[in-house]
Protein chains: 2
Amino acid sequence: METRELTYFTAVAEELNFGRAARRLGIAQPPLSRAIQQLERRLGVRLFERSSRGVSLTPAGEVLAREAAKILGAVTAATARTRRAGLAEPRLVLALKPGGDGGLLPDVLAAYRTHPDAVAVELALCGVAERARLVRDGTADVAFLHSPYEDLTGFDTEPLRVEAGVAVMTSRHPLAGREHVRLADLDADPTPRWPRAHPEVTDPATLMQLAALGRVVVVAPESVREQVRRDLVCVPVLDGTPTTVLLAWPEGTRSRALAAFVRTAAEVAARVSVGAGTFRDRSHRE
Amino acid sequence: METRELTYFTAVAEELNFGRAARRLGIAQPPLSRAIQQLERRLGVRLFERSSRGVSLTPAGEVLAREAAKILGAVTAATARTRRAGLAEPRLVLALKPGGDGGLLPDVLAAYRTHPDAVAVELALCGVAERARLVRDGTADVAFLHSPYEDLTGFDTEPLRVEAGVAVMTSRHPLAGREHVRLADLDADPTPRWPRAHPEVTDPATLMQLAALGRVVVVAPESVREQVRRDLVCVPVLDGTPTTVLLAWPEGTRSRALAAFVRTAAEVAARVSVGAGTFRDRSHRE
DNA sequence: GCGTCTCCATACCGTCAGGGTATGGCCCGC
DNA sequence: GCGGGCCATACCCTGACGGTATGGAGACGC
């Protein structure tokens, strides 16, 4: 099976229409029909059910659609990784969303710089959804991710710190003066809480603006405290799901530079967690 | 990147000699040279360092070699899985080594047969090393594996039961009468213990023959008790590494039949473990 | 019920990518 | 210095892949 065939197959599987798929691929429809037929012949399996009104996937087609997505993803990743490995200056590309480092990054970078295997670290600041994608498609080597909010299949990971939740709210909120709250307290209040309400809002600035306006209470990992606007207050949430900040990189990666970075980060995280501590950290890392 | 190019690249990367690689691929040497050059041009990266005496991989080449192996593996798996999905009768292929089911298989199969989503189950009896490979390359859907002895990357897994170790030895062995032993007891005896000694022997019949001859004491999961020769005795090992018998299948598989099988197996395992119990099981599954 | 529209398959043709053979250039060992 | 091993280049040829034109089958409107 050639990747060209898989690309063609995927296009048809997504469009469920040979004509549109062909246009998308920039070829004419007959060669596409033929390519798919040839693929079916070679596999000895019917991939599409053709009726004169449109096309649908057979069970075998469904299977191949998933496999093809995996393979094509692996191919683009391989291209990107090989290209980057060929650059004169080896670099480590680290993907993270703004504030997604749990406050660890400055120390980690400083410690890493002294490591014998260290290479230059390039930061790829990106949105929440992009982080994992950048690593999967080979644009980045490693990313700060948050568990349990992200799908970690295909990644090796190193947990760095466990963060409890804080509720971020305007200082005029009735719970703003509390030492700590429980989720039930937040739910008893009429102000809705993110991300349960408005999960579609992912931009931090927008979110904080809504919080400042008293339209929402944001439940977030406690490391946001450091960056939160002056007009907002943070109240620890005792029973929120703890968030694990972790480093994730492609399974089976073999790179001294990356190994050194991960190890350094883990050491820094352990030191910070013991030193500064946070009100749940210690119990979790024992 | 076409898979053909990756196949060619892999051949050269393994042979480190264009002529031999070409012969292995069944083509002449010049087209192979050109194909690699074209790949290098397209990637914009040098993959091989050519000296007139042989060839070596550049760092970028090393990266691509790993990626190519992943991709080509995924392609052969995709082919096999798609073909099997196209068969008239859907089937579930289960890979296991003889005795590798921890004694659970008969009950699991019986329970699964009554499940509404059940399909025919085909057993692929194979050697120790083949089990994982069969699942990885798409020949089997799911396998019984043993943790921590196997590399589970790329698999989703369901642990079924935790087994302590037993020492299998001839009845004339000085420790044969003991209620239980520790590893230190075994080490104090002159008879070497497998798998520390002779790890290259993997055939159970050979192994048991050696045990019967008093040449070796075999430390194995306790479920071997059921199948062990009459002339051998099994003594529980208190401090051996416990073995987890688990089901493993490719990450992200989406199949009702498989899901039903895994679920059934987990239920059967839980039931058996509570009912029959084994001298370590209960504590481990709480 | 017939024309028409949509959509996939078939027929046929041209081009270029990929494979083959012959040969050159380089380096090493004898 | 000569032969041999090994990769690159030159040149040719075949066939795979893409394009255009057209056929055929079902759905829909009137």
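Note on naming: letters A, B, ... go to the chains in the order of the sequence lines (proteins, then strands), and numbering restarts at 1 for each one.
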Consider the side chain of A:Arg34, meaning its heavy atoms from C-beta on, and name the nucleotide among C:dC12, D:dC7, C:dG18 that approaches it most closely.
C:dC12
Would you confirm whether B:Trp194, through its side chain, and B:Val201, through its main-chain N or O, come within 3.5 Å as a donor-acceptor pair?
yes
Backbone of B:Val128 reached by a side-chain donor or acceptor of B:Arg131 within 3.5 Å:
yes
Please report, rounded to the nearest Å, how far the P atom of C:dC8 is from the CD atom of A:Glu40.
13 Å
Proximity to DNA chain C (any heavy atom under 4.0 Å), residues of residues 17-32 of chain A only:
A:Asn17, A:Phe18, A:Gly19, A:Gln29, A:Pro30
Filter on side-chain hydrogen bond (donor to acceptor under 3.5 Å, both in side chains), then keep only pairs touching residues 133-143 of chain A, sequence neighbours left out; what's left?
A:Arg84-A:Asp141, A:Arg133-A:Asp137, A:Asp137-A:Thr139
Below 4.0 angstrom from OP1 or OP2 of D:dA8, is there any side-chain N or O of B:Ser33?
yes
Using a 4.0 Å heavy-atom cut-off across all strands, classify A:Glu5 as base, sugar-phosphate, or nothing.
nothing
In whole Å, I'd like the distance from the CD1 atom of B:Ile36 to the C1' atom of D:dT9.
17 Å
For atom CD of B:Gln38 and atom P of C:dG19, their distance in whole Å
10 Å
Between C:dA9 and A:Arg50, is there an OP1 or OP2 to side-chain N/O distance shorter than 4.0 Å?
yes
Ignoring hydrogens and geometry, is there a side-chain-to-backbone donor-acceptor pair from B:Glu150 to B:His146 under 3.5 Å?
yes
Without decimals, in angstroms, what is the distance between A:Leu39 CG and C:dA9 P?
13 Å
B:Glu5 bridged to B:Arg42 by N-O distance under 4.0 Å:
yes
If only side-chain N and O atoms of B:Arg4 are considered, is one of them under 4.0 Å from the OP1 or OP2 phosphate oxygen of C:dG18?
yes
Residue pairs passing the salt bridge (charged side-chain N to carboxylate O under 4.0 Å, His left out) test where at least one lies in residues 86-101 of chain A, sequence neighbours excluded:
A:Arg91-A:Glu122
For atom OH of A:Tyr8 and atom P of D:dA16, their distance in whole Å
15 Å
When we call it a touch if two heavy atoms are under 4.0 Å apart, what does A:Phe48 touch: a base, just sugar-phosphate, or nothing?
nothing
Can you check whether B:Gly252's main-chain N or O pairs, donor with acceptor, with B:Asp156's side chain at less than 3.5 Å?
yes
Spacing between A:Gln37 atom CD and C:dA11 atom P, to the nearest angstrom:
10 Å
